[in-house]
Visitor: 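Could you have a look at this structure, given as structure tokens, before my questions?
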Amino acid sequence: MASDFALKVPPELEAESRLRTVQYFVTHRPWLDLYGVHVRPVAPFGSASSKPFVDPALIHRCLPDELLSEVFARMTPYTLGRAACVCRKWRYTIRNPVFWRSACLKAWQLSGVVENYKILQSRYESSWRKMWLLRPRVRTDGLYVSRNTYIRAGIAEWKVTNPVHVVCYFRYIRFFPSGKFLYKNSSQKVKDVVKCMNSRASKADCVFSGHYTLSDDKIEAAVLYPGMRPTVWRIRLRLRGTTAGANNRMDLLSLVTSGVSDNEVNGPDEDILGVVEGWEEDETHNPDVPAVSHKRGLKAFVFVPFEEVETSDLNLPVDKMDYYVAG
């Protein structure tokens, strides 16, 4: 039997009282409405309507995490950076230090494993990914290109006009992680030169092989020009980048050519950098080939990845390349 002293609550107030009670258990998240049906809020604790979360992406349902990691392990570091922008799951998976450790040990294999671990702990807080982004390195997935121009006087006709010609040529460098690099000086465009910038290049391609060393952001490199009077081409470069981790620019600090004696060189495959590493800038070992420090043709190098050689602006004619800036 109901008590006569029971308080009768109107239906409107009873509904509002229940709503306020529910608010203590469910946190309002108005920003979730911006995502539509793709983001599902977590159901309250003890709710009978709680369901297991199912990822709406088809690739996540069909591809297990182990196989996804195997795919990422076979990608280049720059492809991993693009893949990390696909979704949140890929981003956290790609942050696994295993991927970046293998990339760092390959990029700086000349330093040795022990030295790389010391640098990792002392400078980069034991983060392989941070080391990859902040430590200067040479890129091996493309070509470094330096575009140079000079004016050459033409032949005067009828003593009325004095024509001049704008001559454009390129310096091409391709680095390898093993400490070797290929060099070519040519007026050909990037899309034509990239076909012969490999270890199978013939003498007709005029591609020369040399060795380099990397110390912080400084590069020391040397190439031997064989012939009746062997000539050594020595350069000093400085790495930089337009963004963190890009390493897509190289400043040419100095370029010196000097002679070398025949008894100092055993062949074109010899490490010529080890022979001339202690030489002075004006030192030469062949009186017929004096040392010359070149002051022209020292434009900065721009990096062009292999996948962009066909569409690079460096393939344009000289009159359409006015907006090209090497620095």
Side-chain angles (χ1 to χ4, degrees), residues 108 110-111 115 135-140 143-152 167-187 193 197 203 206-241 247-303 325-327:
W108 294 285
L110 295 178
S111 301
E115 184 64 23
R135 185 180 177 184
R137 70 185 182 282
V138 292
R139 296 186 57 171
T140 60
L143 303 177
Y144 285 94
V145 186
S146 173
R147 174 181 174 270
N148 298 272
T149 57
Y150 65 91
I151 297 177
R152 178 174 59 85
V167 182
C168 177
Y169 68 96
F170 301 88
R171 302 183 191 274
Y172 296 98
I173 296 180
R174 179 185 178 183
F175 292 98
F176 294 93
S178 59
K180 294 184 178 181
F181 75 97
L182 299 177
Y183 172 78
K184 181 178 175 63
N185 192 0
S186 174
S187 60
V193 172
M197 292 293 287
K203 294 183 178 180
C206 296
V207 177
F208 301 95
S209 175
H211 293 77
Y212 74 94
T213 58
L214 175 63
S215 177
D216 292 334
D217 61 341
K218 300 298 190 299
I219 299 176
E220 296 276 346
V223 172
L224 176 65
Y225 285 101
M228 296 298 295
R229 297 187 301 176
T231 305
V232 177
W233 183 78
R234 296 178 287 162
I235 56 173
R236 293 183 178 90
L237 305 162
R238 180 178 60 208
L239 275 169
R240 58 185 177 91
N247 295 289
N248 53 357
R249 296 291 188 273
M250 282 196 315
D251 295 325
L252 186 53
L253 302 180
S254 66
L255 193 157
V256 180
T257 56
S258 57
V260 60
S261 59
D262 296 334
N263 56 2
E264 291 179 314
V265 181
N266 298 325
D269 296 333
E270 185 181 359
D271 185 4
I272 191 63
L273 182 61
V275 177
V276 302
E277 191 172 8
W279 287 16
E280 300 294 335
E281 187 172 352
D282 57 348
E283 184 175 354
T284 181
H285 290 198
N286 189 345
D288 296 333
V289 185
V292 178
S293 179
H294 300 269
K295 302 301 181 183
R296 296 183 179 180
L298 303 181
K299 293 292 185 179
F301 285 83
V302 177
F303 183 78
V325 179

Visitor: What distance separates L110 CG from T213 OG1, expressed to the nearest 0.5 Å?
Guide: 9.0 Å
Visitor: Quick check: closest heavy atoms across K184 and V207, and the distance to 0.1 Å?
Guide: CD-CG2, 4.0 Å
Visitor: Keeping the roles fixed (side chain from T140, backbone from P177), state whether a donor-acceptor pair exists under 3.5 Å.
Guide: no
Visitor: Say you draw a straight line from CD1 of I235 to OG1 of T257; how long is it, rounded to the nearest 0.5 Å?
Guide: 12.5 Å
Visitor: Is the backbone N or O of R229 less than 3.5 Å from a side-chain atom of T231, with the two atoms forming a donor-acceptor pair by type?
Guide: yes
Visitor: Could you tell me the separation between the CH2 atom of W233 and the CG atom of N185, rounded to the nearest 0.5 Å?
Guide: 8.0 Å
Visitor: I'd like to check the side-chain hydrogen bond (donor to acceptor under 3.5 Å, both in side chains) partners of D282; sequence neighbours left out, ordered by chain and number.
Guide: none
Visitor: Hey, could you give me the CZ/CG distance between R238 and L252, rounded to the nearest 0.5 Å?
Guide: 10.5 Å
Visitor: Which atom names give the shortest non-hydrogen contact between G259 and T284, and what distance separates them?
Guide: N-OG1, 3.0 Å
Visitor: Okay, side chain of Y144, backbone of R139: is any donor-acceptor separation there less than 3.5 Å?
Guide: yes
Visitor: Taking the side chain as every heavy atom from C-beta outward, state whether K218 and L253 have any pair of such atoms under 4.5 Å apart.
Guide: yes
Visitor: Would you check, one step at a time, whether the test side-chain contact (heavy atoms from CB on, under 4.5 Å) holds for S209 with L182?
Guide: CA-CA 5 Å; S209 175; L182 299 177; 4.0 Å; yes
Visitor: Report the C-alpha distance between V138 and Y212 in whole Å, list the side-chain angles of each, state the deciding distance to 0.1 Å, and finish with yes or no for side-chain contact (heavy atoms from CB on, under 4.5 Å).
Guide: CA-CA 10 Å; V138 292; Y212 74 94; 3.5 Å; yes
Visitor: Would you give the length of the straight line joining atom CG of N148 to atom CZ of R171, rounded to the nearest 0.5 angstrom?
Guide: 5.5 Å
Visitor: Can you tell if the side chain of V223 reaches within under 4.5 Å of the side chain of F181, non-hydrogen atoms only?
Guide: yes
Visitor: Does the R147 side chain pair with the main chain of K299, one donor and one acceptor, at a distance under 3.5 Å?
Guide: no
Visitor: Should we say atom CZ of R137 is surrounded by more than 12 heavy atoms from elsewhere, each under 6.0 Å from it?
Guide: yes
Visitor: Under the criterion side-chain contact (heavy atoms from CB on, under 4.5 Å), I'd like the reasoning laid out for V260 against W279: C-alpha separation, chi angles, the key distance, then a yes or no.
Guide: CA-CA 11 Å; V260 60; W279 287 16; 4.2 Å; yes
Visitor: Would you check if W108 and R135 make a side-chain contact, meaning some heavy-atom pair closer than 4.5 Å?
Guide: yes
Visitor: Indicate yes or no: at least one non-hydrogen side-chain atom of R236 is less than 4.5 angstrom from one of E220.
Guide: yes
Visitor: Could you grab the distance from atom CG of D251 to atom OG of S146, nearest 0.5 Å is fine?
Guide: 10.0 Å
Visitor: Specify the closest pair of heavy atoms between P230 and L224, including all atoms of both residues, with the distance to one decimal.
Guide: CB-CD1, 4.0 Å
Visitor: Applying side-chain contact (heavy atoms from CB on, under 4.5 Å) to M197 and Y172, what does each step give before you reach the verdict?
Guide: CA-CA 9 Å; M197 292 293 287; Y172 296 98; 4.1 Å; yes
Visitor: Of all heavy-atom pairs between L237 and F301, which one has the smallest distance, and what is that distance?
Guide: CD2-CE1, 4.0 Å
Visitor: Please report the closest heavy-atom contact between S258 and R234, naming both atoms and the distance.
Guide: OG-NH2, 3.6 Å
Visitor: Looking only at heavy atoms, what is the nearest atom pair of V256 and E281, with distance?
Guide: CG1-O, 3.3 Å
Visitor: Below 4.5 Å, heavy atoms only, C-beta onward: do V145 and V193 meet side chain to side chain?
Guide: no
